**Student:** 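Here it is, the structure in full.
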Amino acid sequence: VSEQPVRLALVGCGYWGPKVARAAASVPGVTVAALVDRQEDLARRLQVAHPAALVATSLDQVLDSVDAVVVATNPATHTEVAGEAIAAGKHVLVEKPLALSSADCRSLGQQADAAGVVLMAGHTFLFSPAVQLIHGMITAGDLGEIYYVDSQRLNLGKVRQDVDAIWNFAPHDVSITNHWMGGAPATVACHAYEYLQEGIADVATMNLEYGGVAALIQISWLSPSKVRRMTVVGSEKMVVYDDVADTVLVHDAGIDRQRVDRSFADFNSFAEFRLIHRLGDVHMPRLAGTEPLVAQCSHFAECIRTGARPVAGAQEAIEVVSVLEAATASHQAGGARVDLPGSSRPALTQ
Ligand SMILES: NC(=O)c1ccc[n+]([C@@H]2O[C@H](COP(=O)([O-])OP(=O)(O)OC[C@H]3O[C@@H](n4cnc5c(N)ncnc54)[C@H](O)[C@@H]3O)[C@@H](O)[C@H]2O)c1
């Protein structure tokens, strides 16, 4: 375990980079040592908040002065920038999506393993106290048998030109549901719609199947209201996680199947089960005040110091990016159900 401070270079000082730099700088034992952006003025502007940091227009100019690199550039450049950092023996935290193909995620993972450095994906919501609380309830069996998960991530948001709404938003929904379900889904189906730019979906619905559990995901950057809400429906309880309100509501509610004992032969034609509504209390657990982005930076530093495996490493990134690839393939095939590699059925079955 090393006690040396971790000196970070941030590559990409656009919209998200400054937020990561602020979060990283608040973690004890971490210093923001370099700010890198192709557009030098963006790095210079951010230097006002981090006066001790070097400014550069490419990562190679500052590699000698840092121990680790945070990649917050446009997703299309992630593989190249992360690869350069790993080749120089630096630990890397790459914003979501780790790369634009699962093959690139795998290759980066192999390079990081060979170099003995930490490779972490910025699956920020895994550090949300609400997501962690619900994970604990699911794994403890508090919700009973999980039936389905429903997720909506909508806003009138930043419309990207480099990736569509699926690749921009769904890494969040998918990383959370994969975490809750303990792995990748077996099948993915996706319908997506383009209104503003040709070839770049603004709106999408995705159906993921984790064995018998369905995850229904709806995303859009072309919606009047900001909605980030996930519902987990189990046989015992139902949970609603509202990330905008920062609340988790646990509903002790459900519909139970009650066997009807029919003693008269005449009743044989009636249904065997009666459905009984159960409406109990609603609890609102207190959530820890931890900021997910700060917790993510802190976890990265801890993995660097201790050599621990990150909660979101190459494997988790492959499992997220495989779903995004399958969603794109499904959308291009008119919404066909796509099996993920690893499942036994042939790809692209309706
Ligand atoms: N975890 C989250 O919640 C979250 C939220 C928003 C964005 N992000 C991710 O952060 C990343 C950046 O998103 P953004 O919205 O800030 O994009 P952005 O376009 O605003 O900024 C990207 C910056 O990277 C710079 N850049 C690109 N390639 C470079 C290179 N090779 N070397 C140096 N600089 C380079 C660009 O000049 C630009 O300033 C994306 O991967 C995005 O998905 C994550």
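Throughout, residue positions are numbered sequentially from 1 according to the sequence presented. It should be emphasised that the depicted structure is a prediction, and the values quoted were computed from it without experimental measurement. Atoms within a ligand are numbered from 1 in the order they appear, just like the ligands themselves.
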**Student:** Considering only heavy atoms, does H172 approach ligand 1 within less than 4.0 Å through its side chain, its backbone, both, or neither?
**Tutor:** side chain
**Student:** Is L216 reachable from I138 through a run of I, L, V, M, F, W or Y residues, each pair having side-chain heavy atoms under 4.5 Å apart?
**Tutor:** no
**Student:** Measure across D67 and P5 and return the closest heavy-atom pair with its distance rounded to 0.1 Å.
**Tutor:** OD2-O, 3.5 Å
**Student:** What pair of heavy atoms forms the shortest contact from P185 to L340, and how long is it?
**Tutor:** O-CD2, 3.4 Å
**Student:** Which residue and atom name correspond to the protein heavy atom nearest atom 42 (C) of ligand 1, and how close is it?
**Tutor:** K96 O, 3.7 Å
**Student:** Determine the minimum heavy-atom distance between D173 and M230, stating which atoms define it.
**Tutor:** O-CE, 4.3 Å
**Student:** Do the side-chain N and O atoms of T328 and Q332 include a donor-acceptor pair separated by under 3.5 angstrom?
**Tutor:** no
**Student:** I need the nearest protein heavy-atom contact for atom 21 (O) of ligand 1: residue, atom name and distance, please.
**Tutor:** G14 CA, 3.4 Å
**Student:** Just need the protein heavy atom nearest to atom 19 (O) of ligand 1, so name the residue and atom and give the distance.
**Tutor:** N74 ND2, 3.4 Å
**Student:** For ligand 1, is there an atom lying under 4.0 Å from some heavy atom of A72?
**Tutor:** yes
**Student:** Give, for atom SG of C190 and atom CD1 of I219, the distance between the pair rounded to the nearest 0.5 Å.
**Tutor:** 7.0 Å
**Student:** Count I, L, V, M, F, W, Y as connected when their side-chain heavy atoms are under 4.5 Å apart, and connections chain through other members. Are V227 and F169 then in the same cluster?
**Tutor:** no
**Student:** Give the residue and atom name of whichever protein heavy atom lies nearest to atom 16 (O) of ligand 1, and the separation in Å to one decimal.
**Tutor:** W16 N, 2.7 Å
**Student:** Can you sort out which atoms of ligand 1 are near L42, meaning under 4.0 Å from one of its heavy atoms?
**Tutor:** 39 (O)
**Student:** Give yes or no for whether the N/O distance cutoff of 3.5 Å, strictly under, is met between T57 and ligand 1.
**Tutor:** no
**Student:** Between V11 and ligand 1, which residue portion shows a heavy-atom distance shorter than 4.0 Å: side chain, backbone, both, or neither?
**Tutor:** side chain
**Student:** Any chain of hydrophobic side-chain contacts (each under 4.5 Å) joining L108 to L63?
**Tutor:** yes
**Student:** Regarding R44 and D37, does a basic nitrogen lie under 4.0 Å from an acidic carboxylate oxygen?
**Tutor:** no
**Student:** Got the closest protein heavy atom to atom 17 (O) of ligand 1, with its distance?
**Tutor:** R160 NH2, 3.1 Å
**Student:** Is T124 touching ligand 1 with its side chain, its backbone, both, or neither, if touching means heavy atoms under 4.0 Å apart?
**Tutor:** side chain
**Student:** For atom 35 (C) of ligand 1, what's the nearest protein heavy atom and its distance?
**Tutor:** T73 CG2, 3.5 Å
**Student:** Among all protein heavy atoms in this structure, tell me which lies nearest to atom 30 (C) of ligand 1, with the distance rounded to 0.1 Å.
**Tutor:** R38 NE, 3.7 Å
**Student:** Give me the atom names and distance for the closest heavy-atom approach of P51 to V48.
**Tutor:** CD-O, 3.9 Å
**Student:** Would K19 count as a contact residue for ligand 1, given that I'm defining contact as a non-hydrogen atom of the residue lying under 4.0 Å from a ligand atom?
**Tutor:** no
**Student:** In ligand 1, which numbered atoms sit nearer than 4.0 Å to a non-hydrogen atom of V81?
**Tutor:** 31 (N)
**Student:** At a non-hydrogen distance cut-off of under 4.0 Å, which region of D37 contacts ligand 1 (side chain, backbone, both, or neither)?
**Tutor:** both
**Student:** Between N168 (side chain) and R160 (backbone), is there a donor-acceptor pair under 3.5 Å?
**Tutor:** no
**Student:** Students should be able to answer this: which protein heavy-atom is nearest to atom 44 (C) of ligand 1, and at what distance?
**Tutor:** E95 OE1, 3.2 Å
**Student:** Do E84 and V69 come close enough that some side-chain heavy atom pair is under 4.5 Å?
**Tutor:** no
**Student:** Out of all atoms in ligand 1, which are within 4.0 Å of some heavy atom of H78? Include the element for each.
**Tutor:** 41 (O)
**Student:** Need the ligand 1 atom indices (1-based, order shown) with element for anything under 4.0 Å from a heavy-atom of T77.
**Tutor:** 28 (N)
**Student:** Would you mind telling me if ligand 1 is within reach of the side chain of L59, the backbone, both or neither, using heavy atoms under 4.0 Å?
**Tutor:** neither
